[in-house]
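Here's the structure, in structure tokens; my notes come after.
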Amino acid sequence: MLQAPPAEPGMREDEVDTPALLIDLDAFEHNLDTMAALLAPTGAKLRAHAKTHKSPVVAKLQMARGAIGQCVQKVAEAEALAWGGVPDVLVTNQVVTPRKLARLAALARICKVGLCVDDAEQIALAEQAAEAAGVRLPVLVEIDVGMGRAGVEHGPPAVALAERIAASRHLIFGGLQAYHGSAQHMRAPEQRMAAIAEAAARSRRTVEQLKQRGLDCPIVGGAGTGTFRHEAASGVYTEIQAGSYAFMDVDYGKNDDAPPFRNALFVLSTVMSRATPGVAVVDCGHKGVAVDSGMPGVWERPGLRYAGASDEHGKILIEDGTAPALGEKLRLVPGHCDPTVDRYDWYVGVRKGRVECLWPIAARGGMA
Ligand code: PLP
Ligand code: MN
């Protein structure tokens, strides 16, 4: 159930109830503009990943700045976007349960919606769902470009799947999914560049072999916030799937050449106990901010260190500088933006200290 929003438009930021998920709108808009400007000369298009933001409102703002569509990881995310009016959605994942496939095929009646496969069995399942719904589904073949997660081997095994899709009356061969996830947070830029050079080489080889078999490859999709400049410059990738760029987080800030985006996402917290000397306890533990990629930062308070997260308590060590008072609000910078967003019902959009808007996080939660 959607909870009551923690704020109202017009409030001062320090009046927002906590914990609350803030978007600094100036920084967020800067990030969207920066991505659009970086991609414009490359010819690669942005299909932003909605696993980060889970919101049709954010999707539409990205598309107003040139994004051609959205990626999602889950059928429930595709539904939230499609029902929110997003016209073009790609599930960058395999979908294998018949109920989910039926839901996905039903969406194809209201928007363009595609999915990825790396096995002939998935193709047969997608085909059945498309036939039953009376739609044609675009299907991309996911190739392993170096991360060893999902993805069929590039080259002939990928071409064989593409031919199987192209031969179906209910499916359309949509192209290649070629995402290299483990390259995103390699700290050294040379390492990231080398990983994407290999990913682009595997993709290029596969596109050439598809062509030899008479198959056009309309999309080569991949890339995240850590590597997108390499994919965009490769000449082979046509769609960039970055997600975190819109918000940033502590983890991306740790790349040696941190991407040129500002921190736009914060969890606003309140100091609720100062009983222990040298410690400020805030009302945001790991149920309020994801710690899978490390602890959150404390925004613009260099003397404070968020050192430990329990369920609903965050322990901040006062290492130097001004100690925060009981009741004081502190902005936390999430270690990892995507799972942090998933913990909230509302974005509280703030600009220059005032609440400007509240956006529901329509696709949050659930496993579907
Ligand atoms: N594309 C795919 C398939 C992903 O799984 C992810 C993230 O894991 C991304 C793109 C976006 O990555 P990021 O949020 O790091 O920009
Ligand atoms: Mn992530």
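Heads up: numbering here begins at 1 and tracks the sequence. Every number for a ligand or one of its atoms is a count from 1 in the order of the listing.
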Next item on the list: Consider every N or O of Gln241 and every N or O of ligand 1, then say whether any pair is closer than 3.5 Å.
Entry: yes
Checklist line | Polar contact flag, side-chain donor to acceptor under 3.5 angstrom, Asp311-His286 | finding: yes
Next item on the list: Would you mind checking which non-hydrogen protein atom is closest to atom 5 (O) of ligand 1, with the distance to 0.1 Å?
Entry: Gln73 NE2, 3.0 Å
Check: So which heavy atom in the protein is nearest atom 12 (O) of ligand 1, and how far is it from that ligand atom?
Finding: Tyr179 OH, 3.5 Å
Notebook entry, point to check: Where does Arg149 meet ligand 1, judged by heavy-atom distances below 4.0 Å: at the side chain, the backbone, both, or neither?
Noted result: side chain
Notebook entry, point to check: Any nitrogen or oxygen of Gly243, main chain or side chain, under 3.5 Å from a nitrogen or oxygen of ligand 1?
Noted result: yes
Checklist line | Donor-acceptor contact below 3.5 Å, side chain Lys45 vs main chain Gly69 | finding: no
Margin query: Give me the atom names and distance for the closest heavy-atom approach of Ile240 to Glu231.
Written below: CD1-CB, 3.8 Å
Next item on the list: Determine, using heavy atoms of Ala223 and all atoms of ligand 1, whether some pair is separated by less than 4.0 Å.
Entry: yes
Check: Should the ring pair Phe228 and Phe261 be called parallel, tilted or perpendicular, given that the plane angle runs from 0 to 90° and is split at 30 and 60?
Finding: tilted
Notebook entry, point to check: Is the closest side-chain donor-acceptor distance between Glu77 and Gln70 under 3.5 Å?
Noted result: no
Next item on the list: For Thr92, counting its heavy atoms only, list the atoms of ligand 1 lying under 4.0 Å from any of them.
Entry: 3 (C)
Margin query: Please find the pair of heavy atoms, one from Gly327 and one from Thr270, that lie closest to each other, and give the distance.
Written below: O-CG2, 3.6 Å
Notebook entry, point to check: If you count the atoms of ligand 1 from 1 in the order shown, which ones are under 4.0 Å from a heavy atom of Gln177?
Noted result: 3 (C)
Notebook entry, point to check: So, for Ala82 and Cys111, which heavy atoms are closest and what is the spacing to 0.1 Å?
Noted result: CB-SG, 3.6 Å
Checklist line | Distance from atom 14 (O) of ligand 1 to nearest protein heavy atom, with residue and atom | finding: Ser244 OG, 2.6 Å
Notebook entry, point to check: Does any N, O or S atom in Asp338 come within less than 2.8 Å of the Mn ion (ligand 2)?
Noted result: yes
Note to self: Show the atoms of ligand 1 that are less than 4.0 angstrom away from any heavy atom in Gly224.
What the structure shows: 12 (O), 16 (O)
Notebook entry, point to check: Counting only heavy atoms, which portion of Cys71 has something under 4.0 Å from ligand 1: side chain, backbone, both, or neither?
Noted result: neither
Note to self: Any donor-acceptor pair under 3.5 Å linking the side-chain atoms of His53 with those of Gln62?
What the structure shows: yes
Check: Side-chain donor-acceptor pair under 3.5 Å between His49 and Gln73, yes or no?
Finding: yes
Checklist line | Asp338/Lys51 ion pair, N-O < 4.0 Å | finding: yes
Next item on the list: Under 4.0 Å, heavy atoms only, figure out whether ligand 1 is touched by the backbone of Tyr252, its side chain, both or neither.
Entry: side chain
Item checked: Close N or O approach (Thr225, ligand 1; < 3.5 Å) -> yes
Next item on the list: Assess His336: does it contribute an N, O or S atom lying under 2.8 Å from the Mn ion (ligand 2)?
Entry: yes
Notebook entry, point to check: Taking atom 7 (C) of ligand 1 as the point of reference, which of His180, Lys51, His49 owns the nearest heavy atom?
Noted result: Lys51
